[in-house]
There are 2 protein chains.
Amino acid sequence: MHFEEIIKIIKDRRDTLQVTQETLAELSGVGLRTLKQFESGKGNPTLLTLSKLADVLGLEITLQVKNIKPFK
Amino acid sequence: MHFEEIIKIIKDRRDTLQVTQETLAELSGVGLRTLKQFESGKGNPTLLTLSKLADVLGLEITLQVKNIKPFK
DNA sequence: TAAAAAAGAGCTTTATAATGCACTTTGAAG
DNA sequence: CTTCAAAGTGCATTATAAAGCTCTTTTTTA
């Protein structure tokens with residue numbers, strides 16, 4: 001999952017929950033400026049920042065082996 | 001997936017592939033100091049740093065809705 | 001379309017991630 | 001034990017994420 005996809009997931013999820021950037025910033029403890037920067041594709045958030053956002057949005061960050069082993 | 005779990009996945013995967021921190025640092029373009037700090041639980045890597053490591057290790061970062069909706 | 005709300009951007013400061021270097025500690029193999 | 005490789009730490013520097021404030025742009029809605 002690439003950067004842009006991660007951003008999209010966050011934005012889509014926020015839209016689904018009908019939460020504004022401002023509200024999400026408050027609920028997550030992440031600065032509004034930081035959230036805006038991230039969602040507009042200009043950021044490189046720390047794992048902590050991302051997980052704060054994910055927590056509030058009911059999202060989970062996972063790391064998994066990317067082995068799409070095809071059958072012969 | 002919490003911080004410690006993410007660290008564990010990285011370390012385990014590196015062990016499985018039998019790659020040293022030094023080699024992983026070189027292959028991923030992440031500084032050795034940064035990797036050491038992260039693996040020893042002292043870091044808060046940026047998403048870019050984490051994804052560089054994940055790429056080399058064949059791991060994928062994903063964000064998914066954490067809705068473990070139980071049946072009644 | 002006008003007004004209001006939400007999102008994005010410029011500028012600045014502060015905190016800290018990223019990095020390299022040298023040194024210490026740990027662990028495994030002999 | 002002793003050696004050697006790998007992992008971890010202290011210290012310092014540089015780059016940049018986080019943050020707030022203000023203003024502009026875009027989107028929504030009345």
Using nucleotides 9-15 of chain C, report all nitrogen or oxygen pairs with the protein that are shorter than 3.5 Å.
from, atom 1, to, atom 2, distance (Å)
dA9(C), OP1, Lys42(A), NZ, 2.8
dA9(C), OP2, Ser40(A), OG, 3.4
dA9(C), OP2, Lys42(A), NZ, 2.8
dG10(C), N7, Arg33(A), NH2, 2.7
dG10(C), O6, Arg33(A), NE, 2.4
dG10(C), O6, Arg33(A), NH2, 3.1
dC11(C), N4, Arg33(A), NH2, 3.3

request  = Consider the side chain of Lys11(B), meaning its heavy atoms from C-beta on, and name the nucleotide among dA18(D), dG8(D), dG8(C) that approaches it most closely.
outcome  = dG8(D)

query = Distance check: side-chain N/O of Thr34(B) vs OP1/OP2 of dT19(C), anything under 4.0 Å?
reply = yes

query = Is there a donor-acceptor contact under 3.5 Å linking the side chains of Thr62(A) and Thr62(B)?
reply = yes

query = Considering heavy-atom distances to DNA chain D, does Gly31(A) or Glu39(B) have its closest nucleotide positioned more toward the 5' end?
reply = Glu39(B)

query = Rounded to the nearest Å, what distance is computed from the CG atom of residue Leu35(A) to the P atom of nucleotide dA6(C)?
reply = 14 Å

inquiry  = Quick check on dA5(C): is either OP1 or OP2 less than 4.0 Å from any side-chain nitrogen or oxygen of Thr20(A)?
reply    = no

key: N/O (side chain, Thr49(A)) to phosphate O (OP1/OP2, dA18(D)) under 4.0 Å   = yes

query = Cut-off 3.5 Å, side chains only: do Gln21(A) and Lys36(A) have a donor facing an acceptor?
reply = yes

note = Correct closest heavy-atom pair for Arg13(A) and Leu57(A) would be NE-O, 2.6 Å

Nearest heavy-atom neighbours spanning Ala25(A) and Gly31(A) = CB-C, 4.2 Å

message = The side chain of Val30(A) is closest to which nucleotide in this list: dA6(C), dA19(D), dT19(C)?
response = dA19(D)

remark   = Nearest heavy-atom approach of Leu47(B) to Asn44(A) is N-OD1, 3.5 Å

